[in-house]
Amino acid sequence: MSENCIGCTDSRMITDESIERMIKRIERSDSFHLVDDDTYHHRLESCKRCQEFEGRECRVCGCIMVIMAKLLNTRCLHRHGSKWGEPVRKWM
């Protein structure tokens with residue numbers, strides 16, 4: 001699957017392979033704090049049920065959700081409140 005990013009004006013193609021590489025870099029890095037697997041899967045399932053989720057991106061924030069859902073200090077920005085059902089964490 002190759003699609004243009006809906007979250008920006010960049011015309012480069014975003015492939016599933018490039019997303020996988022980004023995820024692996026994030027998981028290997030000490031710079032990112034990640035959620036546990038249960039939280040990650042809960043977040044993704046919540047996104048998939050949301051009307052603002054399109055393909056693999058959020059139409060509200062433009063993020064690729066398989067990446068954003070892994071990061072501890074992220075939140076759902078849905079205009080009617082978080083669809084993740086988690087307390088909003090303070091940004092570090």
Side-chain angles (χ1 to χ4, degrees):
M1 170 190 245
S2 295
E3 297 178 18
N4 287 356
C5 176
I6 63 173
C8 61
T9 58
D10 197 336
S11 62
R12 288 181 290 175
M13 300 302 263
I14 299 172
T15 64
D16 290 337
E17 293 78 21
S18 64
I19 292 171
E20 254 327 290
R21 283 193 305 274
M22 286 184 254
I23 290 171
K24 286 180 182 175
R25 273 187 250 144
I26 288 168
E27 290 174 338
R28 287 192 305 258
S29 172
D30 292 332
S31 300
F32 297 96
H33 299 284
L34 306 178
V35 297
D36 60 75
D37 287 341
D38 288 339
T39 301
Y40 172 69
H41 293 294
H42 168 76
R43 286 177 171 188
L44 275 185
E45 288 305 311
S46 298
C47 291
K48 289 176 184 177
R49 288 190 303 269
C50 181
Q51 71 276 8
E52 300 296 342
F53 186 73
E54 184 176 314
R56 55 190 176 202
E57 296 176 56
C58 174
R59 290 191 308 226
V60 174
C61 66
C63 294
I64 298 170
M65 296 316 298
V66 294
I67 295 172
M68 295 307 286
K70 282 191 168 288
L71 302 174
L72 178 65
N73 292 316
T74 59
R75 59 190 172 110
C76 171
L77 297 175
H78 194 278
R79 63 187 137 275
H80 298 297
S82 174
K83 298 294 183 176
W84 289 351
E86 302 172 0
V88 175
R89 301 180 199 279
K90 290 184 180 179
W91 293 83
M92 299 177 133

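As a basis for the values below, the full set of heavy atoms in this structure was taken, side chains included, without hydrogen atoms, waters or symmetry mates. In this text, all values refer to a predicted model and were calculated from it rather than measured experimentally.
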[atom1]/[X] to [atom2]/[Y] distance, rounded to the nearest 0.5 angstrom?
X     : Y     : atom1 : atom2 : value
Lys24 : Ile19 : NZ    : CD1   : 13.0 Å
Leu72 : Leu34 : CG    : CG    : 8.0 Å
Met22 : Glu20 : CE    : CD    : 10.0 Å
Thr39 : His41 : OG1   : NE2   : 10.0 Å
Cys63 : Leu71 : SG    : CG    : 9.5 Å
Ile23 : Ile64 : CD1   : CD1   : 8.5 Å

I need the minimum non-hydrogen distance between [X] and [Y], along with the two atoms involved.
X     : Y     : answer
Ala69 : Val35 : O-CG2, 3.4 Å
Cys47 : Phe53 : O-CB, 2.9 Å
Met68 : Trp84 : O-CH2, 4.2 Å
Arg56 : Thr15 : NH1-C, 4.2 Å
Cys76 : Gly81 : SG-O, 4.4 Å

> For Tyr40, is the NZ or CZ atom of Lys70 found under 6.0 angstrom from the centre of its six-membered ring and inside 45 degrees of the ring axis?
Replying inline: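 The answer is yes, since Lys70 meets both limits relative to Tyr40.
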> Which residue, Arg79, Glu57, Lys83, His80, forms the side-chain contact (heavy atoms from CB on, under 4.5 Å) with Glu52?
Replying inline: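 Per the side-chain contact (heavy atoms from CB on, under 4.5 Å) rule, the option paired with Glu52 is Arg79, out of Arg79, Glu57, Lys83, His80.
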> Do the side chain of Arg59 and the main chain of Gln51 share a donor and acceptor less than 3.5 angstrom apart?
Replying inline: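 Between the backbone of Gln51 and the side chain of Arg59 there is a qualifying donor-acceptor contact (under 3.5 Å).
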